[in-house]
There are 2 protein chains.
Amino acid sequence: MAKNQLSERDYLQSYNIHNYDVPLTSVDITIFTVLDNALNVLLVKRAQHPALGKWALPGGFIDLKKDRTLEHTAQRKLKEKTGVRTSYLEQVASFGSKQRDPRGWSVTVAYFALIDAAEIQLTHDERSEEVAWVPVKKVLNSTKLAFDHNAILERCYERLQGKVQYTSLPVNLLPEEFTLSELQSTFEIILDSTIEKKSFRRRILDADILQETGNMRTGSNRPAKLYRVQNQGENFMFSRNIEGPR
Amino acid sequence: MAKNQLSERDYLQSYNIHNYDVPLTSVDITIFTVLDNALNVLLVKRAQHPALGKWALPGGFIDLKKDRTLEHTAQRKLKEKTGVRTSYLEQVASFGSKQRDPRGWSVTVAYFALIDAAEIQLTHDERSEEVAWVPVKKVLNSTKLAFDHNAILERCYERLQGKVQYTSLPVNLLPEEFTLSELQSTFEIILDSTIEKKSFRRRILDADILQETGNMRTGSNRPAKLYRVQNQGENFMFSRNIEGPR
DNA sequence: ATCAAATAGTGGCACTGAGACACTAAGCTG
DNA sequence: CAGCTTAGTGTCTCAGTGCCACTATTTGAT
């Protein structure tokens, strides 16, 4: 073939993506937080076609100029909605099909993020989209999101629940200092089940994830030790699944 | 904005993807098999620019006409190289950046597949690419694959090793009937470590994944019971990690 | 002061599943 | 029949967890 006799340079010179049929490619983020003892997710009300007026996960197209990597795109989206820069961010899966977007074949790369709601205020962004925290349960039970965002949310939720079985991910939903009870409660909210106190404490403490800050949380009863994450934030493994008492 | 006063129909009518800067989007597959007591991966020698002449994971662009979903694209690629239709196929992650492809911003969705090498013969395909099984270890140690395919392979390998800790995935690398020793050996090859025989058998058997076929594998010593997968193939969970003896 | 309520945190036993490893079982070969 | 090889088992130990009752420390009401 003639093509193969071209040098790579000449080939690249003559290459023009606009000559090909390519899918739309975007990034969507499921941003979780804990609010009022429930796991919430950040939704935006679409201010543009398609699916105008519907609630959706925040997301959008890759900016070929500004974004260097997919993760960068995700971080940019996160920042636009929440103002948060540092946060736990993990790629979950990509969803692509001919059907999922009325504009045609499209692919979206889904991420999930964990943030401490207390630290941020939602950003009504320039396109004046509404932004809101909504309980995950409520969304899954009764909200029809734009595109296939229900399916994406479900997958992110599954992933979160799955990882919480054997990692300390939930620390990312709390402020820097927290008590073991607060942490346990966060685990319970995500797993939607109770955890036996002693087992939980043993596991967390034995895993050497946390370090005492020396401070105490005081309230209307016995004060509790405050902890912070040990090894610069990253998640850490346990040896077994967590199960609640029968 | 005027745009918001359009009906969705009019908006879609006027929408043309060629007016936007979009990334290239493709699908790549890491096809694993066990050959000569080693985990092998299928590589193709690129017959086209870019990276002409380099070894790469099989993959390619989404066919917007023929492919209905990403998974369909992956299956098509798998079929083109191996002729295999049914096989374990799992999406691993997407890799996207400005740098990874010299043609510009590109995203690839990586899958991995497990097949029984005995059942297939490699297809020297129409573009006359060379196709070969190569030991994973060898590739990771000493082969510079095209694009970021080394990183993709590593991630797929990690995912495989990870899942083998708590699922019965390796059954997908074996023929329909197999002995427990063969299965154990497959686990060991993937994990690159030995597993204690009794523990392995207890776990697999207690997990209720397998069913005896009634047949025996005979050889130059005591015959072994043959098993097949119980519940139509899907993987199944164990309760703990597998660890080799010290 | 004292006591109750509430949450923090611990002691300690039972159970389960995995590691270890020696043992038995059943075929083949010479 | 002895000896090799691989299949498959018996059983002890040990670690991590479930369970649940117990102690500890605070606030606030009486």
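So you know, we letter chains A, B, ... as the sequences are listed, proteins then strands, and number each from 1. Atom set for the values below is all heavy atoms of this structure, side chains included, hydrogens, waters and symmetry mates excluded.
Rounded to whole Å, atom P of dG12(C) lies 16 Å from atom CD of E196(A). Note: CD (Q184(B)) to C1' (dG8(D)) measures 11 Å, nearest angstrom. Per the geometry, CD belonging to Q165(B) stands 19 Å off P belonging to dG17(C), to the nearest Å. Summarising the geometry, the separation between CG on L180(A) and P on dT25(D) is reported as 17 Å, rounded to the nearest angstrom. We find that CZ of R201(B) is positioned 15 Å from C1' of dC21(C), with the value rounded to whole Å. Rounded to an integer number of Å, the gap from L183(B) CG to dA7(D) P is 12 Å. Rounded to whole Å, the distance from CZ on F200(B) to P on dC21(C) is 20 Å. Atom CG of L205(B) is separated from atom C1' of dG10(D) by 15 Å (rounded to the nearest Å).
For the 3.5 Å distance criterion, the side chains of N40(B) and T33(B) fail to qualify, holding no donor opposite an acceptor. E188(B) and Q184(B) share a side-chain donor-acceptor pair at under 3.5 Å.
In this structure E212(A) satisfies the side chain to side chain donor-acceptor pair (under 3.5 Å) test together with K225(A), sequence neighbours excluded.
Candidate nucleotides dA7(D), dT5(D), dA8(C) were compared by shortest atom distance to the side chain of N221(B), and dT5(D) ranks first. Checking dA18(C), dG9(C), dT9(D) against the side-chain heavy atoms of K197(B) singles out dT9(D) as nearest. When distances run from any side-chain atom of R222(B) to the nucleotides dG9(C), dA25(C), dC21(C), the shortest one goes to dA25(C). For R202(A), the side-chain atoms get nearest to dT17(D) when compared with the rest of dA26(C), dA7(D), dT17(D).
Applying the 3.5 Å distance criterion, the base of dG10(D) shares a donor-acceptor pair with the side chain of K198(B).
Counting heavy-atom neighbours within 6.0 Å of E176(A) CD, excluding the residue itself, gives a total of 12 or less.
Phosphate contact (OP1/OP2 of dA7(D), side-chain N/O of S181(B), threshold under 4.0 Å): present.
Using a 4.0 Å heavy-atom criterion, one finds that K225(A) contacts the sugar-phosphate atoms exclusively. Base contact: S199(B) has a heavy atom under 4.0 Å from a base atom.
With contacts defined as side-chain heavy-atom distances shorter than 4.5 Å, the pair Q91(B)/F112(B) does not qualify.
Residues E182(B) and D206(A) each lie close to DNA chain D; by heavy-atom proximity, the contact nearer the 5' end of the strand is made by E182(B). Nearest-nucleotide assignment on DNA chain D puts the 5′-proximal partner with P223(B), out of P223(B) and G219(A).
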